[in-house]
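Keep in mind it's a predicted model, so treat the numbers as computed, not measured.
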Amino acid sequence: MSQPVRRPRQAQLALAFPDEHPGDHPDLPLYDTTFVVVDLETTGGSADGDAITEIGAVKVRGGEVLGEFATLVDPGCPIPPKVVQLTGITTAMVRDAPRIEAVLPGFLEFAAGAVLVAHNARFDTRFLKAAAQQCGTPWPGAPVLCTVQLARRVLDRDEAPSVRLSVLAQVLGSRTRPTHRALDDARATVDVLHALIERVGNLGVDTLAELIDYLPEVTRRQRAKRHLAADLPTTPGVYLFRGPGDEVLYIGTAVNLRRRVHSYFTGSDTRTRMREMVALATRVEHVECAHGLEAGVRELRLLVAHTPPYNRRSKFPRRAWWLTLTDEPFPRFTTTRTPAPDAVGPFTSRADAVAVAGTLADWCGVRTCTTRIPRTGRHGPDCPPAAVGGCPASIGGKHTDATEYAAATDLVRDLFAGRTDAPLHAMRDRIETYADTEQFEAAARLRDRTVTVVRALRRTQRLAALARLAEFVAARPDGAGGWEFAIVRYGRLAAAGNAGRGTPPMPVVRALTATAEACPPLRVSGHTSRSLDRRSQVLPDGRSGGSFPGSYPCALEIGRRVPDSGAEPLDGVLDGLGDRCPRCGKDEDMRRGWCGQDGVYPPLRGASPEETGLIVRWLEQPGVRIVRTTEGYAVPRLGAGAWAEWVALAEAAAQVEAGAGQE
């Protein structure tokens with residue numbers, strides 16, 4: 001049995017740990033990159049049915065050999081005669097060799113922190129991954145480089161008619177002749193790798209990232225435009241590709257502008273439309289941003305402003321639908337592009353909004369008939385009862401006037417605003433009744449409809465909780481000892497900034513707040529909702545309270561503020577709502593006496609649902625802290641958020657049913 005061979009190290013090693021690899025540092029120069037060139041001998045060509053018989057590997061960096069690894073492996077089965085003839089490895093030779101379970105950990109330790117290189121790397125990595133799975137060992141996520149692929153990019157067919165290792169070794173002047181033994185073939189692959197790297201170095205490929213980007217096929221014209229990314233910064237931001245007429249072709253975001261834009265000229269993005277876009281581009285503009293949230297928000301706004309043809313979101317803009325009640329004595333559900341104060345949404349399609357409207361009408365008793373009924377009229381004479389497929393508001397053939405009918409629409413408004421979840425409880429009770437009586441299909445249908453309603457309510461209440469705040473300041477750790485800040489006003493990002501490690505954060509917050517964009521809330525002009533006129537009341541401090549979404553109870557402001565020095569971490573968390581409002585002093589049954597702002601506003605106060613949603617997702621990331629807020633940041637106590645656990649169980653049950661149906 002061959003024993004592992006260790007050569008003295010001839011160069012100082014860079015600091016590397018088993019859980020790190022060069023993929024974490026893509027700008028690493030090639031002369032500082034550690035490569036482990038590996039070759040395997042096996043009993044056959046299938047990683048599923050065959051096994052490894054020999055491993056040979058050479059570790060190199062900067063052209064110097066740092067060490068070698070070589071061992072035979074007992075495959076646990078006889079070696080076929082054809083393989084013996086090819087490699088010279090017999091069953092007798094591997095009888096006393098260690099099994100792969102004993103060899104693989106040593107090889108993975110030898111290769112830790114390096115780029116894995118192989119000739120026809122797909123073959124070798126398939127066998128190594130299969131062995132790792134067999135041993136119960138996690139496969140490291142190190143970059144893999146294939147010298148076959150690199151040779152096809154560097155050499156033309158006149159110079160190298162074949163990319164077999166024996167041919168390349170001869171063409172490129174390898175000092176080692178391949179012999180179909182693992183260590184000899186690995187040594188020959190090292191010489192081939194160095195010769196190919198020397199070739200691409202003359203083309204300006206100097207780093208590991210550039211070498212990996214060089215591998216995909218790319219036209220000479222496309223590669224010639226790399227200069228468009230040369231002067232871009234390495235900071236987060238938004239980039240805009242402009243065409244011959246200075247029109248915006250494409251908009252994107254990046255955590256590293258130079259690296260991301262450079263990738264478009266290396267062929268790493270294989271989408272046809274991106275190749276076409278790059279061919280048309282004449283220059284690249286950029287907007288530097290403080291962090292990823294600001295970049296995402298600026299991208300959304302620029303997409304609306306320019307509608308670039310190569311962005312899918314520009315070609316099919318998301319014009320949201322909202323579900324609301326009509327403004328008449330006997331209101332009905334209607335879908336609209338412009339949200340009213342009593343609205344739920346946004347929905348990406350009108351069909352989704354109509355489906356939710358149908359469910360809510362059934363369980364809240366809202367009429368679905370289209371007859372116009374005057375204020376002094378009565379509902380019911382022209383509608384068949386709901387029991388026979390008629391209007392949900394016709395219960396037992398009863399005729400109701402506007403005052404009696406208002407109970408149904410008040411229930412809808414309270415459900416939208418999170419003042420009650422009684423309809424959800426009624427739907428859940430009916431589901432349980434269906435299940436108890438073994439009406440499983442009916443229970444599943446109602447369960448899925450209920451999940452859709454809860455998700456729609458949750459989406460609105462979650463976004464409106466932020467959009468109702470005049471100003472909200474939050475901080476997120478940047479991972480390097482500093483903080484990322486966001487100033488949010490009425491659901492829109494008004495300013496963004498950073499405080500690096502050791503920088504006092506509060507002066508940065510004060511400067512950002514002083515220079516932040518003014519974002520006045522958008523009122524609903526001409527709204528004359530009778531329910532608001534009837535139910536509004538004057539609160540002790542002179543403000544008016546309404547029944548519209550956004551008139552949520554004031555939550556106690558919980559969470560410590562940002563310290564003036566960067567020594568201590570921010571330590572603030574959201575907590576539950578109390579029943580007493582600290583502003584108006586009300587302590588009631590959570591149905592009336594809600595604090596609201598003067599005027600009538602839509603749920604998001606005019607903010608874009610996409611932008612507010614992006615901010616909310618950023619705020620929900622681990623480590624985000626509240627710096628300060630004009631009001632408590634919380635969702636309604638009886639809102640759909642309390643149903644999250646039930647929804648998760650219901651969706652899990654639906655997935656199980658779907659999986660059973662496919663079997």
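R175 CZ to D191 CG: the interatomic distance, rounded to the nearest 0.5 Å, is 4.5 Å. Between L232 atom CG and L257 atom CG the span is 6.0 Å, to the nearest 0.5 Å. To the nearest 0.5 angstrom, R273 atom CZ is 4.0 Å from R312 atom CZ. Summarising the geometry, atom CZ belonging to F110 is positioned 8.0 Å from atom CG belonging to L66; distances are rounded to the nearest 0.5 Å. With values rounded to the nearest 0.5 angstrom, T33 atom OG1 is found 8.5 Å from L211 atom CG. In this structure, CZ in R95 is found 10.5 Å from CD1 in I79, a value given to the nearest 0.5 Å.
Side-chain contact check for E611 versus L493: some heavy-atom pair is nearer than 4.5 Å. You'll find the side chain of L293 stays beyond 4.5 Å of the side chain of E484, heavy atoms only. Taking 4.5 Å as the limit, every side-chain heavy atom of L619 sits out of range of all side-chain heavy atoms of V488. You'll find the side chain of C289 stays beyond 4.5 Å of the side chain of T235, heavy atoms only. Looking at heavy atoms from C-beta onward, W483 lies in side-chain contact with P477 at the 4.5 angstrom threshold. Within the 4.5 Å cutoff, no side-chain heavy atoms of T282 are placed close to those of D246. Contact annotation: the side chain of F107 never approaches that of T71 to less than 4.5 Å [non-hydrogen atoms, C-beta and beyond]. Considering only heavy atoms from C-beta on, V60 comes within 4.5 Å of H194 through its side chain.
Under the salt bridge (charged side-chain N to carboxylate O under 4.0 Å, His left out) criterion, no residue pair touches residues 119-143, with sequence neighbours excluded.
In this structure R199 satisfies the salt bridge (Lys or Arg N to Asp or Glu O under 4.0 Å) test together with E159, sequence neighbours excluded. When the salt bridge (Lys or Arg N to Asp or Glu O under 4.0 Å) test is applied to E41, no partner is found at least two apart in sequence or on another chain.
Of all heavy-atom pairs between V261 and A229, the closest is CG1-CB, 3.8 Å. Annotation for G45 and D50: closest pair N-OD2, 3.2 Å, computed over non-hydrogen atoms. In this structure, V83 and T42 approach most closely via the heavy-atom pair CG1-O, 3.2 Å. Contact between A290 and N498 at its shortest, heavy atoms only, is O-ND2, 2.8 Å. Nearest heavy atoms, V36 versus A111: CG2-CA, 3.8 Å. In this structure, A254 and Y239 approach most closely via the heavy-atom pair CB-CE2, 4.1 Å.
Counting heavy atoms of neighbouring residues, nucleotides and ligands inside a 6.0 Å radius, atom CD of E247 exceeds 12 of them. By the 6.0 Å contact criterion, CG on D231 is open, its count of non-hydrogen atoms from other residues, nucleotides or ligands being 12 or less. More than 12 heavy atoms of other residues, nucleotides or ligands shown are found within 6.0 angstrom of CD on E651. For CZ of R459, the number of neighbouring non-hydrogen atoms (other residues, nucleotides, ligands) closer than 6.0 Å is greater than 12. The 12-atom threshold is exceeded at CD of E620, counting heavy atoms of other residues, nucleotides or ligands nearer than 6.0 Å. For E101, the CD atom sits in a packed shell: over 12 heavy atoms of surrounding residues, nucleotides or ligands are nearer than 6.0 Å. For CZ of R455, the number of neighbouring non-hydrogen atoms (other residues, nucleotides, ligands) closer than 6.0 Å is 12 at most.
Although no hydrogens or angles enter the test, the distance criterion places no donor-acceptor pair under 3.5 Å between the side chain of T234 and the main chain of N256. Remark: the backbone N or O of V624 is not paired with any side-chain donor or acceptor of R476 at under 3.5 angstrom. Side chain of D185 to main chain of H180: a donor-acceptor pair is present (N/O by atom type, distance under 3.5 Å, no hydrogens or angles). The main-chain N or O of V73 is never found under 3.5 Å from a side-chain atom of T53 such that the two would form a donor-acceptor pair. Checking side-chain atoms of E285 against main-chain N and O of R242 turns up no donor-acceptor pair under 3.5 Å. No side-chain donor-acceptor contact under 3.5 Å links H291 to the backbone of P236. Judged by distance alone, the side chain of T43 and the main-chain N or O of A51 form a donor-acceptor pair under 3.5 Å. Side chain of R260 to backbone of T253: no donor-acceptor contact under 3.5 angstrom is found. Without hydrogens or angle criteria, T612 side chain to L463 main chain gives no donor-acceptor distance under 3.5 Å. Judged by distance alone, the side chain of E54 and the main-chain N or O of A182 form a donor-acceptor pair under 3.5 Å.
Between F241 and Y264, the gap from one ring centroid to the other is short of 6.0 Å.
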Under the salt bridge (charged side-chain N to carboxylate O under 4.0 Å, His left out) criterion, do R187 and D39 qualify, and how do the steps go? CA-CA 9 Å; R187 290 169 176 167; D39 186 79; over 6 Å; no
